[in-house]
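Sequence lines set the chain letters: A, B, ... in the order given, protein chains first and strands last, and positions in each chain run from 1.
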Amino acid sequence: MLDIKFLRQNIDFVRVKMDERGQKIDFDRFLALDAKRRDLLQAVETLRNERNSVSKQVGELKKKKEDASELIAKMGDVSAKIKEYDDTLRVTEEELNAFVMIVPNVQHESVPQGTGSEDNPVVRTWGEKPAFTFEPKQHFDLGEALGILDFARGAKITGARFTLYRGAGAALERAIFNFMLDLHTTEHGYTEVLTPFMVNADSMTGTGQLPKFKEDLFKIEGLEYYLIPTAEVPVTNIYRDEILDEEMLPVYYVAYSPCFRAEAGSYGKDTRGLIRQHQFNKVEMVKFARPETSYDELEKLTANAEEVLKRLGIPFRTVCLCSGDLGFSSAKTYDVEAWMPGQDTYREISSCSNFEDFQARRAAIRFRRKDTGKTEFVHTLNGSGLAVGRTVVAVLENYQQADGSVIIPEALRPYMRGLERITP
RNA sequence: GGAGAGAUGGCUGAGUGGCCGAAAGCGAUCGCCUGCUAAGCGAUUGUACGCCCUUUAAAGGUGUACCGCGGGUUCGAAUCCCGCUCUCUCCGCCA
């Protein structure tokens with residue numbers, strides 16, 4: 001969330017920024033609530049001050065065995081009034097809080113303006129698209145023919161958007177996330193963490209999934225626990241409500257996790273195959289950084305994601321999300337899109353974002369400046385490194401052969417007991 | 001699932017109705033002392049939100065809140081009462 005003080009003092013700037021994001025937000029309501037809150041706060045604090053000092057007098061009188069009944073009677077009224085103001089104040093603060101919680105982040109000045117994904121500029125392209133002497137197939141046709149992806153049985157076991165992997169398919173999925181974890185831990189400086197896959201409501205609020213995106217989450221029956229839609233949630237919340245030492249920053253974490261998404265509102269979109277599942281695996285990179293380095297960290301993070309595709313020999317391009325396409329919590333996002341020959345298009349395989357202090361403020365993740373001793377919010381970043389299921393799609397489609405077999409990229413062979421090719 | 005114990009500042013730990021934002025110790029920071037280091041001495045040492053002052057900064061002043069969380073009793077709650085959460089111990093169960 002944004003800082004209330006910042007919002008109050010820069011309301012016109014924020015109005016413009018939200019306009020660029022295509023967000024319609026009633027900031028007049030905010031200003032009214034904020035003013036109301038401060039008025040009430042002053043009133044109630046004045047009354048509390050009175051009660052505190054009079055109560056002290058009562059104590060002194062009683063110690064001297066003198067009569068204090070007059071003061072006590074008077075304070076009864078004051079206490080009643082405090083309760084009354086407190087109730088109004090609480091309601092006002094709840095309204096104000098609810099308002100601030102659904103205001104998106106302010107985008108960085110380098111974010112291009114635009115209204116949708118068609119306006120996202122391509123910042124880099126890498127690799128040569130494979131030339132086929134035949135019509136390249138889509139991954140679901142390849143996978144079913146090879147007997148490594150079973151969508152029908154996934155649907156039987158659970159339902160639509162769940163898939164059963166078998167044999168070399170299951171091994172490929174596992175090989176891919178192990179390869180990614182090893183790359184990020186041994187060469188990119190990340191520390192691996194393995195987190196709970198269910199989190200409480202505070203954690204979901206800290207990273208911004210709640211309260212605004214409740215319908216995208218799976219909730220556990222009878223508990224205030226949710227299945228994570230990304231490891232960003234448990235990993236970023238590692239330091240919720242903590243004050244970190246400046247020297248420990250930046251912190252780099254990488255985590256494997258399954259991700260669970262309700263995909264409300266995507267009916268009919270990517271209905272076939274692995275692209276859009278209710279459950280998929282992902283390797284996620286998360287950083288906690290000092291504000292002055294966070295944009296350098298974003299570039300490095302994105303490069304770390306791209307490196308996975310380079311090692312796998314999968315062509316990709318990187319786009320910078322424009323103002324209208326930016327996610328709720330993000331100040332700046334790069335999407336890395338892998339080339340998918342079967343679909344004859346690039347598909348998002350990683351999304352790398354700098355949230356600046358937006359999540360840190362919600363989650364109360366701060367650090368103490370060594371030179372001033374002051375606390376400040378950290379900047380949080382994260383990026384997929386990468387989405388595993390979509391990487392399987394990219395491998396199958398880019399490495400498919402005329403006979404329907406699939407060559408295993410060399411980087412993955414050590415993770416598949418040397419297997420070089422998947423054949424029916 | 002059953003029984004019991006507990007939750008206080010960066011840490012240890014005192015505090016059972018007002019003098020408690022909270023003793024003491026440790027740690028940390030600054031200063032003094034000192035050939036150097038260590039020891040010693042002194043001072044400082046939580047967070048948030050308002051208001052005043054100020055350039056809408058910092059610093060300063062002032063007020064309020066916070067002793068796991070939420071309610072209640074009371075003129076007044078870290079302290080008493082109720083509910084919840086979490087932690088620990090024992091028993092049972094279990095991978």
Between [options], spot the one nearest the side chain of [X], thanks.
X: A/M75; options: B/rA48, B/rC75, B/rG50; result: B/rC75
X: A/R366; options: B/rC86, B/rU47, B/rG18; result: B/rU47
X: A/S55; options: B/rU73, B/rC75, B/rA48; result: B/rC75
X: A/R48; options: B/rC75, B/rU64, B/rU47; result: B/rU64

Does [N] have a Watson-Crick or wobble partner in any strand here, with both distances under 3.5 angstrom, and which is it?
N: B/rA43; result: B/rU29
N: B/rU56; result: none
N: B/rU37; result: none
N: B/rA3; result: B/rU89
N: B/rA48; result: B/rU64

Remember a base hit wins even if backbone is also touched, and classify [X] as base, sugar-phosphate or nothing at under 4.0 Å, heavy atoms.
X: A/K74; value: nothing
X: A/V54; value: nothing
X: A/K370; value: nothing

Rounded to the Å, how far apart are [X] [atom1] and [N] [atom2]?
X: A/R51; N: B/rA77; atom1: CZ; atom2: C1'; value: 10 Å
X: A/F367; N: B/rU47; atom1: CZ; atom2: P; value: 14 Å
X: A/E242; N: B/rG68; atom1: CD; atom2: P; value: 18 Å
X: A/I82; N: B/rC75; atom1: CD1; atom2: P; value: 13 Å
X: A/D39; N: B/rC49; atom1: CG; atom2: C1'; value: 15 Å
X: A/D241; N: B/rC66; atom1: CG; atom2: C1'; value: 13 Å

Using atom C1' of each nucleotide, how far apart are B/rA39 and B/rC52 to the nearest Å? 47 Å
Between B/rG68 and B/rG6, how far is it from one P atom to the other, in whole Å?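 Roughly 14 Å separates the two P atoms.
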Option among A/E306, A/E410, A/E187 that satisfies the salt bridge (Lys or Arg N to Asp or Glu O under 4.0 Å) test with A/R311: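 Output: one option passes, namely A/E187.
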Aromatic contact, A/F260 with A/F218 (centres under 6.0 Å): no
Heavy-atom nearest nucleotide on RNA chain B for A/E93 versus A/S53: which residue maps closer to 5'? A/E93
Closest-nucleotide ordering on RNA chain B, the 5'-leading residue of A/V44 and A/K5: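 Counting from the 5' end, the first nearest nucleotide belongs to A/K5.
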Under the side-chain contact (heavy atoms from CB on, under 4.5 Å) test, which residues partner A/P121, sequence neighbours left out?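 For A/P121, the residues satisfying side-chain contact (heavy atoms from CB on, under 4.5 Å) (neighbours in sequence not counted) are A/P112, A/C320.
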Could you tell me whether the phosphate oxygens of B/rG71, OP1 or OP2, come under 4.0 Å of any side-chain nitrogen or oxygen in A/K83? no
With a cut-off of less than 4.0 Å, is there a side-chain N or O of A/R368 near OP1 or OP2 of B/rU47? yes
Could you write nucleotides 51-63 of chain B as a row of B, S and -, 5' to 3', where a protein heavy atom under 4.0 Å of any base atom gives B, of only sugar-phosphate atoms gives S, and otherwise -? S----B--S---B
Should we say atom CZ of A/R421 is surrounded by more than 12 heavy atoms from elsewhere, each under 6.0 Å from it?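 Result for CZ/A/R421: enclosed.
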Could I get the full list of salt bridge (Lys or Arg N to Asp or Glu O under 4.0 Å) partners for A/E232, not counting sequence neighbours?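 Scan of A/E232 (salt bridge (Lys or Arg N to Asp or Glu O under 4.0 Å), adjacent residues dropped) gives none.
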